[in-house]
Amino acid sequence: MADTGTETHVEFRGVSKTYDGRTMVVRDLDLSVRKGEFFTLLGPSGSGKTTCLMMLAGFEVPTAGEISIDGRPVQNIPPRKRGIGVVFQNYALFPHMTVRRNLAFPLEVRGVPADQQSERIQRVLEIVRLEGFEGRRPSELSGGQQQRVAIARALVFEPNLVLMDEPLGALDRRLREEMQFEIRRIQQDLGVTVVYVTHDQQEAMSMSSRVAVFHHGRVQQVAEPEVLYEEPEREFVAGFIGDNNIFRGRITSVGRGICEVETPDGIVKAFPVGECRPGQDAVLAIRPERVGLAKPGLFSNEFEARVDGILFIGDHLRLRLNLCGNSDFIVKIPNIVGHGALLTGDRVSVGWAVTDCRALPLDGLEESPEAELGA
């Protein structure tokens, strides 16, 4: 079982990266990864997460700052000497080599004696459950099997740190879900530290010990998956992680852990995050599943709205309302009475609890990525 204690394995201190001297891909990054944890860098395309992984692997050089592994700076250490296993989306297997030869290659370049190579190869094939596939070439394997070989190759020389860059991106949904379980199982069984890059929030939430959410080259929040979902600290995180109804208003009062915010449809009572003061604008976020059909007096926040659309998902319905300034306000209700209990055009009363609605500070104007690199 992985030891996810407090001992730091990887650390970024003040790391920035620019390729042209103007556009900052990564900005002033401070980040720590603990030994034995499954740490995910999550964000949309162009957010800087893959660049961070490439700098950690040694394939890119930081413009500023320092990266350490086990307390040792690694800027001047070439990739092959960092003791890191790397798994890419495209597998990067040698097509003309058998599975055995693909796994033997990283051992040979590290000078592992031949008598030890067979033992390590057999052990890692058992870990990824590919015993008996040693003689096959990549073209004779399924996509999932090829990815298992790629993982085995990253593990065969027994690294303490493994980096994975969108490793499941080329697989179909069913296979992706299977491989998510397999990768997490392998990581927990071996106790290795994994730094994983993905843009898929479901993948990050289901696999990770902790997640760092990236946006425009900066980390917006680092936390356990449940904390990111239940307690977002920034507008971007609230909108990026899972479904969320986002709308804005002006704070009218703050007191006793409740923030009252004026919206086009009236006052919303919410839990204040960060510094909230009367007169300030705020972003409000409420999950669709935390909004219920209301009877008068049931919720602290109650509103009436017209149903503008209904989407039948199977086990639940998604109602689309125009509410509190959000024309795409979604309410999830369980399908316990069958589709047809509600119709488009019906008026409904909905509500939610104070603790389920968060009042967040505005992220402000987006910083221009064209920031000049300082001296």
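Computed from a predicted structure; not experimentally measured. In what follows, every heavy atom counts, from backbone to side chain, and hydrogens, waters and symmetry copies are set aside.
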Chi angles and distances behind the salt bridge (Lys or Arg N to Asp or Glu O under 4.0 Å) call for Arg185, Glu182: CA-CA 5 Å; Arg185 174 190 65 80; Glu182 283 299 298; 2.8 Å; yes
Donor-acceptor pair, side chain of Lys295 and main chain of Ser349, under 3.5 angstrom: no
Donor-acceptor side-chain pairing of Tyr196 and Glu166 below 3.5 angstrom: no
Student check: side-chain heavy atoms of Pro334 and Asp315 closer than 4.5 Å: no
Pair Trp352 and Phe329, ring centroids less than 6.0 Å apart: yes
Gap separating the CD atom of Glu158 from the CG atom of Leu107, nearest 0.5 angstrom: 8.5 Å
Test item: Gln187 and Val192 side chains (from C-beta on) under 4.5 Å apart, heavy atoms: yes
Interatomic spacing from CD1 in Ile330 to CG in Leu317 - rounded to 0.5 Å: 12.0 Å
Under 3.5 Å side-chain donor-acceptor pair for Glu262 and Thr252: no
Shortest non-hydrogen separation from Ile286 to Asp356 and the atoms involved: CD1-O, 3.1 Å
Nearest atoms (heavy-atom pairs only) where His215 meets Gln220: O-NE2, 3.5 Å
Approximate separation, where rounding is to 0.5 Å, of Asn160 CG and Ile69 CD1: 10.0 Å
Rounded distance [0.5 Å steps], CZ in Arg173 versus CG in Leu168: 14.0 Å
Within 45° cone and under 6.0 Å: Arg287 NZ/CZ vs Tyr229 ring: yes
Side chain to side chain, Ile313 and Leu311, heavy atoms closer than 4.5 Å: yes
Minimum heavy-atom distance Asn245-Asp328, with the two atoms named: OD1-O, 3.9 Å
Between Thr50 and Asp165, a side-chain donor and acceptor under 3.5 Å: yes
Thr193 side chain to His9 side chain, donor-acceptor N/O pair below 3.5 angstrom: yes
Validation row: Phe299, Val350 side chains within 4.5 angstrom (heavy atoms): no
Arg248 and Glu235: CA distance, side-chain angles, deciding distance, salt bridge (Lys or Arg N to Asp or Glu O under 4.0 Å) verdict: CA-CA 11 Å; Arg248 300 192 177 204; Glu235 178 182 356; 2.8 Å; yes
Presence of salt bridge, Glu108 and Arg101, under 4.0 angstrom: yes
Short N-O contact, Arg34 and Glu7, less than 4.0 angstrom: no
Check: Phe94 ring centroid to Phe105 ring centroid under 6.0 Å: yes
Heavy-atom check, side chain of Cys259 versus side chain of Lys269, under 4.5 Å: no
NZ or CZ of Arg358 within 45° of Phe271 ring axis and under 6.0 Å: no
Salt bridge flag under 4.0 Å for residues Arg13 and Glu11: yes
Crowding at CD, Glu226 (>12 non-hydrogen neighbours, <6.0 Å): no
Minimum heavy-atom distance Val307-Ile310, with the two atoms named: CG1-CG1, 3.6 Å
Residues, nucleotides or ligands: over 12 heavy atoms within 6.0 Å of Phe59 CZ: yes
Side chain to side chain, Val254 and Pro278, heavy atoms closer than 4.5 Å: yes
Closest contact, heavy atoms only, Met24 versus Arg27: CB-CG, 3.8 Å
Over 12 foreign heavy atoms within 6.0 Å of CZ, Arg72: no
Salt-bridge contact Glu275-Arg277 (side-chain N to carboxylate O under 4.0 Å): yes
Minimum heavy-atom distance between Leu103 and Val149, given as atom pair plus value: CD2-O, 3.8 Å
Distance-only side-chain donor-acceptor flag, Ser253 / Glu260, under 3.5 Å: yes
Neighbour count above 12 (heavy atom, 6.0 Å) for Asp115 CG: yes
Neighbour count >12 (heavy atoms, 6.0 Å) for atom CZ, Arg123: yes
Contact check, side chains of Leu41 and Val213, non-hydrogen atoms, under 4.5 Å: no
Sub-4.5 Å side-chain heavy-atom contact between Arg153 and Leu93: yes
Residue pair Asp172, Arg176: steps toward the salt bridge (Lys or Arg N to Asp or Glu O under 4.0 Å) verdict: CA-CA 6 Å; Asp172 61 45; Arg176 282 173 70 99; over 6 Å; no
Same apolar cluster: Val26 and Met54, side chain cutoff 4.5 Å: yes
